[in-house]
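Residues: numbered from 1 along the sequence shown. Values below: all heavy atoms of this structure, side chains included; hydrogens, waters and symmetry mates excluded.
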Amino acid sequence: MFHKSWVRNSVAFAAVLILIAIGTFFYLNAVSVANHRRIEDYRQQVGAISAADLWAKSIEQRDPRLFELHDSGFPGGVQFLEDTKQARRTEQVEGDAISITTTQLEELRAILRNSPGAQVPEIVDFNTLLPANFKQLRSLIFACCQSQEKSTGTETGTATGAAMIEQQERWLIGVELAESLTAGGFLVGELKRFALLKTLLERGLELIQSDDLDFLENGAATLARVASPEDGIARALQIETLVVMDLEEWQASPFTSSLDLRWYLDQQIPLSLDPSRETLQALSVEEPPVYALLSSAVLPLFDSIIEKSNQMGARLLAVRCAFEATAAQLRGVEWTPPTGVELIPSTAGGAARIHVTGSSVATDVYLPK
């Protein structure tokens with residue numbers, strides 16, 4: 001039978017296929033073993049075995065110089081808002097702000113400071129929902145960025161020194177509320193924190209025109225207690241990476257998912273450990289390969305997220321430095337920019353501005369003349 005050429009060719013072809021199948025099996029098995037080794041190494045690098053563990057450590061080990069995190073459900077505060085008849089939308093209030101007085105804001109801050117510390121959700125996965133009251137918190141922050149009269153719809157059109165002090169206090173309360181209730185968790189939570197912070201920084205630049213030295217120094221100190229956007233994005237990326245590593249879908253078809261998981265790890269691990277432009281440029285940013293079906297579904301838009309965190313970090317630093325520089329000017333002393341910050345002198349009668357090295361000019365802040 002083997003004297004016939006077609007039989008010999010068929011046997012040879014079958015043998016080659018068997019060898020290819022065996023080689024593919026051993027190759028994919030080696031990839032799978034390497035994937036599991038990289039996952040264990042990553043868990044050691046971030047110091048956590050699960051997303052819930054890392055989330056809890058990010059709360060427990062939070063820098064004491066930052067605002068303390070509180071339960072995002074904020075039951076006492078939510079109940080307080082529901083119990084105040086002023087906490088309602090009115091036609092007189094602009095945008096999404098709710099109607100609330102400064103006294104009520106001060107009471108709300110006291111409730112926050114006495115409320116339980118932040119707790120990690122019982123289950124941390126991509127079905128973990130953000131607090132249902134985030135929309136209400138956003139409305140509250142908008143109200144903090146308005147005067148009491150504007151917030152309650154009783155604006156008279158006149159502003160006194162006392163009214164300005166009240167506006168400053170409302171803003172300081174807003175920064176504390178936003179930072180204490182939103183930091184930590186998933187990427188979407190960090191991006192929503194950025195949205196609130198952007199509103200607060202814009203309002204802070206309006207108030208920086210003040211000649212109240214105590215407020216300017218207090219404002220600078222308050223902004224210094226806001227968690228770094230870059231650090232927040234890094235921790236969120238690490239939490240989400242640990243969530244993805246535990247997905248059951250990776251085990252559904254080990255012969256195809258091992259390559260998919262390897263591509264995911266190649267992209268996600270370096271960036272989550274160092275979410276910078278340099279890391280992003282060093283990674284492969286082309287479209288995922290055809291076999292990376294799950295990776296393409298769970299990988300975020302790195303370039304957009306990193307750019308947002310870099311811009312927000314630069315803007316936060318610039319505004320904080322603007323408070324410090326303005327306060328120094330009122331004290332009659334020279335302000336020395338910290339490392340990575342430039343004070344660009346005014347030209348042609350314009351205002352001096354603060355620029356963060358390596359950031360876009362869009363994040364620059366002009367000082368009061």
Ser50 and Val124, any side-chain heavy atoms less than 4.5 Å apart: no

Flag, side chain of Thr279 to backbone of Pro275, donor-acceptor distance under 3.5 Å: no

Check: Thr101 main-chain N/O paired with Gln148 side-chain donor or acceptor under 3.5 Å: no

With Glu40 via side chain to side chain donor-acceptor pair (under 3.5 Å) - residues at least two apart: Arg43

Salt bridge Arg225-Glu176, side-chain N to carboxylate O under 4.0 Å: no

Shared hydrophobic cluster, Phe186 / Ile306 (ILVMFWY, side-chain heavy atoms < 4.5 Å): yes

Closest non-hydrogen atom pair between Gln167 and Leu207, with its separation: O-CD1, 4.1 Å

Stepwise side chain to side chain contact (heavy atoms under 4.5 Å, CB included) check, Arg315 with Leu205: CA-CA 11 Å; Arg315 188 68 167 177; Leu205 288 177; 3.2 Å; yes

Evaluation steps, salt bridge (charged side-chain N to carboxylate O under 4.0 Å, His left out), between Glu206 and Arg203: CA-CA 5 Å; Glu206 295 174 359; Arg203 178 56 173 162; 2.7 Å; yes

Rounded distance [0.5 Å steps], OG1 in Thr336 versus CD in Glu324: 11.0 Å

Side-chain touch Gln267/Trp263, heavy atoms, less than 4.5 angstrom: yes

Atom of Ala51, atom of Val243 and distance for their closest heavy-atom approach: CB-CG2, 3.3 Å

Side chains of Leu108 and Leu140 in contact at under 4.5 Å (non-hydrogen atoms): yes

Steps toward side chain to side chain contact (heavy atoms under 4.5 Å, CB included) verdict (Arg320, Leu317): CA-CA 5 Å; Arg320 191 184 87 195; Leu317 178 57; 3.8 Å; yes

Atom pair CG/CG of Leu177 and Leu105 - distance to nearest 0.5 Å: 7.0 Å

Residue pair Leu200 / Cys145, side-chain heavy-atom distance below 4.5 Å: yes

Verify same cluster id: Ile354, Met312 (apolar side-chain graph, 4.5 Å): no

Atom CD of Glu217: over 12 foreign heavy atoms under 6.0 Å: yes

Within 6.0 angstrom of Glu334 CD, more than 12 heavy atoms from elsewhere: no

Step-by-step side chain to side chain contact (heavy atoms under 4.5 Å, CB included) determination, Gln329 to Trp335: CA-CA 8 Å; Gln329 185 178 26; Trp335 177 73; over 6 Å; no

Leu197 side chain reached by Glu179 side chain, heavy atoms, under 4.5 Å: no

Spacing of CD belonging to Gln45 relative to CG belonging to Leu273, to within rounding of 0.5 Å: 5.0 Å

Check against salt bridge (charged side-chain N to carboxylate O under 4.0 Å, His left out), Glu190 and Arg193: CA-CA 5 Å; Glu190 278 298 308; Arg193 179 171 80 98; 3.0 Å; yes

Test: Arg170 and Glu166 ion pair at under 4.0 Å: no

Ser210 and Gln168 side chains, donor-acceptor separation under 3.5 Å: yes

Distance (rounded to the nearest 0.5 Å) between Leu294 CG and Ser257 OG: 8.5 Å

Arg62/Asp231 under salt bridge (charged side-chain N to carboxylate O under 4.0 Å, His left out): CA gap, chis, key distance, verdict: CA-CA 11 Å; Arg62 186 172 171 85; Asp231 291 346; over 6 Å; no

hydrophobic_cluster_shared for Ile59 and Ile239, side chain cutoff 4.5 Å: yes

Contact list for residues 306-332, test ring pair (Phe, Tyr, Trp, His ring centres under 6.0 Å), sequence neighbours left out: Trp171-Phe323, Phe215-Phe323

Any Leu316 side-chain heavy atom under 4.5 Å of Glu230 side chain: no

Within-4.5 Å side-chain heavy-atom neighbours: Pro337 and Cys321: no

Straight-line distance of Ser304 OG to Leu191 CG, nearest 0.5 Å: 7.5 Å

Distance-only criterion, 3.5 Å: show the donor-acceptor pairs between side-chain atoms of residues 361-368 and protein atoms not counting sequence neighbours.
unit_1, atom_1, unit_2, atom_2, d
Thr363, OG1, Ser359, OG, 3.1
Thr363, OG1, Ser360, O, 2.7
Asp364, OD1, His355, ND1, 2.6
Asp364, OD2, Arg353, NH1, 2.3
Asp364, OD2, His355, ND1, 3.4

Closest non-hydrogen atom pair, Val120 against Ala52: CG1-O, 3.9 Å

Check: Pro229 main-chain N/O paired with Ser309 side-chain donor or acceptor under 3.5 Å: no

More than 12 heavy atoms of other groups within 6.0 Å of Ile49 CD1: no

Verify same cluster id: Leu271, Val244 (apolar side-chain graph, 4.5 Å): yes

Audit row: Tyr42, Leu265, side chain to side chain contact (heavy atoms under 4.5 Å, CB included) steps and yes/no: CA-CA 10 Å; Tyr42 182 78; Leu265 297 178; over 6 Å; no

Candidates Val226, Leu196, Leu223 - the one meeting side chain to side chain contact (heavy atoms under 4.5 Å, CB included) with Leu201: Leu223

Atom of Leu66, atom of Ala224 and distance for their closest heavy-atom approach: CD2-O, 4.1 Å

Co-membership, hydrophobic cluster, residues Ile39 and Leu242, 4.5 Å side-chain: yes

Least distance between heavy atoms, Pro345 atom then Leu343 atom: CD-O, 3.5 Å

Heavy-atom donor-acceptor pair, His70 side chain to Leu112 backbone, under 3.5 Å: yes

Approximate separation, where rounding is to 0.5 Å, of Ile233 CD1 and Ser272 OG: 12.0 Å

Note, Lys192 side chain near Thr182 side chain (heavy atom, < 4.5 Å): no

